[in-house]
Amino acid sequence: MLGVLYFHQQGNAAEKLAMDGGIGQGKKGEKGECCESLVGVKMSAELMELASMDWTNTEHMMGTTIMATAFDGGVVMGADSRTTTGSYIANRVSDKITPITDKVWCCRSGSAADTQAISDYVRLYTAQHAIELGQEPRVKTVANLFREICYSNKANLMAGIICAGWDQFSGGQVYNITLGGSCVQQPFSIGGSGSTYIYGYCDSNFRENMTRDECVEFVKHALALAMARDGSSGGVIRMVIIDSSGVQKVFIPGDKLPMAWQG
Amino acid sequence: MSILEYNGGCVVAMAGKECVAIAADRRLGIQLQTLACDANRVFRMHDKLFLGLTGLMTDITSLHNSFDFKLNMYSMREGRLMSPQTFSSLVASTLYEKRFGPYFSEPVIAGLNKDNTPFLCAMDLLGAAAYADDFVVSGTCAESLFGTCETFYRPDLGPDDLFETISQAMLSALDRDCISGWGVTVHIITPEGVTAKSLKARMD
């Protein structure tokens, strides 16, 4: 891809006017229009790339590590807190676990804008559904709504969502909705770019029928390991624990993270 | 992601009163994956001259080896240590030699002149040198480092205050960069000698 750098010549001074992509307007001449002498210089793709301002036209991504584990009577959900624009950390304390209903929440990964829009839509549809249903909606229903939106719009979206919560019929459940729009229920689920580093840890440390506290420790250690290895995960650990009695939020600051081998 | 951001990393150097400090992070990664937390980016050329290199790690290693060799040959022929000014010219010409197929590395040179006045210099990957009397920065979070250094810097700091200042500037900037961090080393160079310190930084 060839880029073009324009140089605006005012007498002997050359100033950068605009770059490929049209960032900025550049200086106007005295009569209010662009000065006549414009010299275009074609540059190679590599040098163009070196000169481009990524942060002005890169969308916010949540590189992320997200996780949810079900226990008898509820779920433990956890996430890191890093939102990036390219390699710049746009928000280092973001909250990636958002409520859909009182007892059904979701962890968001992928494009920040996409997941915010999707979860807003799902919250709306779920609220409307709950009015008709006359009861608290089931976790499976909310997960299905996520799946419907993610699958139908898969060409335009980049969203990996873990939907988890508690309902009176099936207790604690965790549903993983992947990039392509598949929805699968799992006893525990990991997602986001940082999850690739902890598949081994999770597979070897997960046990069936863990207690609530064991689940909390499992999620905490897994997230800390992913945050140490993945550049796009980091910051603080936020956790949300949902059971029949309500919701408890846990916050673990950066200096209290469990430390592993620092290679 | 550009080739200069492939491995990540950053270096900053600051001048004080008859001392300089140079700090660098310790992360080595492949794009967003972290491989090691003990990478070296700052190299001692001699007791009063330090070179910090950012960018592609393989080019950092190659350049460091090349400059070590050239410095050794110079001291053997001349019978004296190379001055910082001369060294910066050497670095600039080595980089410009490869003008149309450059080393993907942006160096920072920090040293003390013969009269113990501080010497700071930063270059781009083609060897364009910029001299400063306060601070110089390089790396993936250079923009953040400019901000923090501009805020925290004061002229004529002693070695201890300089260490505090450069550490805070570095740590704050690292918090905003995904591909730098995982530890920091700081070298403080004074006429009496060099002190090396490690900072406890966020490991994410």
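So you know, we letter chains A, B, ... as the sequences are listed, proteins then strands, and number each from 1. A quick note: this is a predicted structure, and the numbers were derived from the prediction, not measured.
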Interface moiety of A:D80 toward chain B, non-hydrogen atoms closer than 4.5 Å:
neither
Relative to chain B, which segment of A:T196 carries a heavy atom at a distance below 4.5 Å: side chain, backbone, both, or neither?
neither
Minimum heavy-atom distance between A:Y88 and B:R176, given as atom pair plus value
CD1-O, 3.6 Å
Specify the closest pair of heavy atoms between B:C178 and A:T84, including all atoms of both residues, with the distance to one decimal.
SG-CG2, 3.0 Å
Taking side chain as everything from C-beta outward and backbone as N, CA, C, O, which of these in B:S144 sits under 4.5 Å from a heavy atom of chain A? Side chain, backbone, both or neither.
side chain
With B:A13, which residues qualify under side chain to side chain contact (heavy atoms under 4.5 Å, CB included), at least two apart?
B:I22, B:V108, B:A110, B:L120, B:V136
To the nearest 0.5 Å, what is the distance between CG (B:D175) and CZ (A:R82)?
8.5 Å
Who among A:G235, A:S233, A:G234 has the most heavy-atom pairs with chain B under 4.5 Å?
A:G235
Does any heavy atom of chain B fall under 4.5 Å from the side chain of A:A224, the backbone, both, or neither of them?
neither
Hey, does the side chain of A:R229 reach the backbone of B:D204 with a donor-acceptor pair shorter than 3.5 angstrom?
no
Say you draw a straight line from CG of A:L257 to CZ of B:R202; how long is it, rounded to the nearest 0.5 Å?
7.0 Å
Should the heavy atoms of other residues, nucleotides or ligands under 6.0 Å from OH of B:Y96 be counted, would the total exceed 12?
no
Heavy atoms only: give me the nearest A:S87-B:I179 pair and the separation to one decimal.
CB-CD1, 3.8 Å
Answer key: most heavy-atom pairs under 4.5 Å with chain B among A:R92, A:M259, A:M227 is A:R92
Pick from A:A226, A:A90, A:A228 with the largest number of heavy-atom pairs that fall under 4.5 Å of chain B:
A:A228
Taking everything shown except B:K70 itself, do over 12 heavy atoms lie less than 6.0 Å from its NZ?
yes
